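Encoded as structure tokens, the structure appears first; notes follow it.
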Amino acid sequence: MKKPDFNLPKRQLNANPASFKPKPNSRWGGGLAVVLLIIVLLSRFLGQDQSPLHQPRDASLTEVTIERVVDGDTLIVDMYGSRERVRLIGIDAPESVSDHPDRITEAGLASADYLKKLLADYQGLAYLEYDQEPRDQYDRLLAYVWLGNTLLNEKICRDGYAEAKSYPPNTRYDTYLQDAMRFAQQDERGIWSPTFQDSDR
């Protein structure tokens, strides 16, 4: 299995993205900073699909291997030889699995299919980052899932296959997830496309 591109020692990840700052180059002086600022602003203005998250905030992560997708917001993982059901924090995908068939929607099936395709070729370890409450009433692990430098919870929202929802007290990345959902809505991505919006989600 390939190792995620954290470029940091295992389990000793720097949790503060603000600490990753380029050192100023005396040759270019302040001009380089101005150019970089312009590029960032243009990227935002042009709607580039760039996440502001590149490192987890919590340095204590758990290594897992993803076994399969249950639905658009739930995974089965292997954690040190034990199988665990993981509910992704801060997102809510439409129903694709239910004891009541009438609750299953086309948007839900599309969301689950999207996640299956996204993870199909991923062979590396995943990393779970917890928040305030580690489990829900169904004994599922509640976690943010990192694939390399990508926060899976946010990517699902940004690609338009889940709704960002706040579940206090687990709210560490709520702002990022809400921003990602708004981006998807404005771009009519995934379940926010007219095809699904015209049907009953």
Side-chain angles (χ1 to χ4, degrees), residues 4 15 17 47 49-58 61-62 64-77 79 84-98 103-120 122 125-193 195-197 199-201:
D49 186 5
Q50 296 295 325
S51 165
L53 291 175
H54 300 291
Q55 296 288 342
R57 291 182 182 174
D58 184 355
L61 304 182
T62 302
V64 298
T65 301
I66 296 174
E67 287 195 352
R68 69 179 178 89
V69 171
V70 176
D71 57 25
D73 52 33
T74 310
L75 306 172
I76 300 293
V77 304
M79 181 188 297
E84 289 277 2
R85 186 174 294 252
V86 176
R87 178 64 165 81
L88 302 177
I89 297 174
I91 70 172
D92 185 33
E95 291 289 343
S96 63
V97 178
S98 176
R103 296 182 182 177
I104 297 174
T105 65
E106 289 298 319
L109 295 173
S111 178
D113 189 53
Y114 155 83
L115 191 53
K116 290 175 183 176
K117 290 179 180 177
L118 180 67
L119 297 174
Y122 186 76
L125 290 171
Y127 291 81
L128 304 186
E129 179 182 2
Y130 305 113
D131 209 323
Q132 299 299 309
E133 291 182 348
R135 291 186 183 270
D136 64 10
Q137 66 268 35
Y138 307 109
D139 201 36
R140 298 178 298 186
L141 282 176
L142 302 174
Y144 305 102
V145 176
W146 289 89
L147 307 177
N149 292 331
T150 298
L151 178 59
L152 181 61
N153 311 51
E154 185 192 24
K155 180 168 177 56
I156 293 170
C157 276
R158 187 169 290 271
D159 288 347
Y161 286 96
E163 181 180 357
K165 278 193 175 179
S166 182
Y167 296 97
N170 294 340
T171 59
R172 181 174 300 153
Y173 294 121
D174 274 9
T175 299
Y176 294 104
L177 297 175
Q178 290 289 336
D179 287 346
M181 181 179 68
R182 281 192 288 270
F183 177 88
Q185 289 173 327
Q186 291 169 2
D187 212 36
E188 296 185 340
R189 294 184 171 199
I191 63 174
W192 306 112
S193 70
T195 300
F196 292 119
Q197 288 299 296
S199 64
D200 182 12
R201 293 198 298 112

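Just so it is clear, the model here is predicted, and its values are computed rather than measured.
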If we ignore hydrogens and angles and just use 3.5 Å, is the side chain of [X] paired with the main-chain N or O of [Y] as donor and acceptor?
X: Asp73; Y: Ala93; answer: yes
X: Asp71; Y: Gly108; answer: no
X: Asp136; Y: Tyr138; answer: yes

Residue pair [X] / [Y]: nearest heavy atoms and the distance that separates them:
X: Met181; Y: Ala164; answer: SD-N, 3.2 Å
X: Asn153; Y: Ala143; answer: ND2-O, 3.4 Å
X: Leu115; Y: Gly72; answer: CD2-O, 3.7 Å
X: Asn170; Y: Ile89; answer: O-CG2, 3.7 Å
X: Ala162; Y: Ile191; answer: N-CD1, 4.1 Å
X: Tyr167; Y: Ile91; answer: CE1-O, 4.0 Å

Note, [X] side chain near [Y] side chain (heavy atom, < 4.5 Å):
X: Tyr144; Y: Glu154; value: no
X: Tyr130; Y: Thr62; value: yes
X: Leu61; Y: Pro56; value: yes
X: Leu128; Y: Val86; value: yes

Rounded to the nearest 0.5 Å, how far does [atom2] of [Y] lie from [atom1] of [X]?
X: Arg189; Y: Asp159; atom1: CZ; atom2: CG; value: 5.5 Å
X: Gln132; Y: Leu142; atom1: CD; atom2: CG; value: 12.0 Å
X: Ile66; Y: Leu125; atom1: CD1; atom2: CG; value: 10.0 Å
X: Cys157; Y: Asp92; atom1: SG; atom2: CG; value: 9.5 Å
X: Leu151; Y: Tyr127; atom1: CG; atom2: OH; value: 15.0 Å
X: Ile156; Y: Leu177; atom1: CD1; atom2: CG; value: 10.0 Å

Original post:
Is it true that the side chains of Asp174 and Thr171 contain a donor and an acceptor less than 3.5 Å apart?
Top reply: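 No, Thr171 and Asp174 have no side-chain donor paired with an acceptor closer than 3.5 Å.
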Original post:
Can a salt bridge be assigned to the pair Lys116 and Asp113 using a cut-off of 4.0 Å between side-chain N and carboxylate O?
Top reply: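 Salt bridge: no.
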**OP:** Using a strict 4.0 Å threshold on nitrogen-to-oxygen distance, state whether Glu84 and Arg135 make a salt bridge.
**Re:** yes
**OP:** Quick one: list whatever passes ring-ring contact (aromatic ring centres under 6.0 Å, His included) with Tyr114, sequence neighbours left out.
**Re:** Tyr161
Subject >> Verdict with reasoning, Thr74 to Arg85, per side chain to side chain contact (heavy atoms under 4.5 Å, CB included) >> reply: CA-CA 7 Å; Thr74 310; Arg85 186 174 294 252; 3.6 Å; yes
Subject >> Contacts of type side-chain hydrogen bond (donor to acceptor under 3.5 Å, both in side chains), residue Glu129, not counting sequence neighbours >> reply: Trp146, Arg172, Tyr173
**OP:** Determine, stepwise, if the pair Val70 / Ile76 fulfils side chain to side chain contact (heavy atoms under 4.5 Å, CB included).
**Re:** CA-CA 7 Å; Val70 176; Ile76 300 293; 3.6 Å; yes
**OP:** List the steps, then state whether side chain to side chain contact (heavy atoms under 4.5 Å, CB included) holds for Tyr122 with Leu147.
**Re:** CA-CA 9 Å; Tyr122 186 76; Leu147 307 177; 3.7 Å; yes
**OP:** Under the side chain to side chain contact (heavy atoms under 4.5 Å, CB included) rule, what do Leu118 and Lys155 come out as? Steps first, then yes or no, please.
**Re:** CA-CA 10 Å; Leu118 180 67; Lys155 180 168 177 56; 3.5 Å; yes
